[in-house]
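Remarks on the structure that follows.
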Amino acid sequence: MSKLNKLHELTNILAKALRHRIGAIVNQNEIYAQKYSRDADILLREAQKIALEENWNSYDKIKIRNELKRKLKQELEKKDFLDEKKFDIMDDEIDKALATLNLK
C-alpha cells in the first residue's frame with residue numbers, strides 16, 4: 001500500500017474515531033455515550049498501527065490534519081442528533097488525537 005493510500009486510510013479511521021469521541025462528549029447523558037467512547041478508543045488504536053507503519057514528514061502531517069478536518073466536519077454534519085457544540089470542540093479533539101499519534 002502506498003503512502004498516499006495509508007494517509008487516506010488513516011484519516012478515514014481518525015474521522016470515525018473522533019466522530020465517536022465527540023458524540024460521547026457532547027451527548028454524555030445518552031445511553032450510547034459509553035459505547036461511542038469505547039468505539040473511539042478501538043479506532044484510535046487501529047489508527048496508531050497505521051501511523052507507525054510510515055515515516056511521516058512535516059508536509060504529510062499538514063496534509064493529514066487538513067484532510068482529517070475536512071472529513072470530520074462532513075461526518076459531524078451528517079449527525080444532526082448531536083449537539084451543535086460538536087463543532088466547537090472539533091479542533092481541540094483533532095489536536096489531541098494527532099498529538100497522541102505523534103503526528104502534530
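- Open room surrounds CG on N102; 12 or fewer heavy atoms of other groups in view lie less than 6.0 Å from it.
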Task: CA sep, side-chain torsions, deciding dist, call: L72, I22, side-chain contact (heavy atoms from CB on, under 4.5 Å) - done: CA-CA 10 Å; L72 180 57; I22 291 170; 4.1 Å; yes
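- Judged purely by atom type and a 3.5 angstrom limit, K3 uses its side chain to pair as donor or acceptor with the backbone of N55.
- Once rounded to the nearest 0.5 Å, the distance linking CD1 of I89 with CD1 of I94 reads 10.5 Å.
- Side-chain contact check for H8 versus E67: some heavy-atom pair is nearer than 4.5 Å.
- Considering only heavy atoms from C-beta on, K63 comes within 4.5 Å of L4 through its side chain.
- For the pair D60 (side chain) and N57 (backbone), a donor-acceptor distance under 3.5 Å is present.
- Between E93 and I25 the shortest side-chain heavy-atom distance falls below 4.5 Å.
- Around atom CD of Q34, no more than 12 heavy atoms belonging to other residues, nucleotides or ligands sit under 6.0 Å away.
- Within the 4.5 Å cutoff, side-chain heavy atoms of L14 are placed close to those of L44.
- Taking 4.5 Å as the limit, every side-chain heavy atom of L101 sits out of range of all side-chain heavy atoms of I64.
- A salt bridge links D39 to K35: at least one charged side-chain nitrogen sits closer than 4.0 Å to a carboxylate oxygen.
- For E46, there are no salt bridge (charged side-chain N to carboxylate O under 4.0 Å, His left out) partners, not counting sequence neighbours.
- To the nearest 0.5 Å, atom NZ of residue K96 and atom CG of residue L18 are 10.5 Å apart.
- Contact of the M90 side chain with the K69 side chain is registered, since non-hydrogen atoms from C-beta on lie closer than 4.5 Å.
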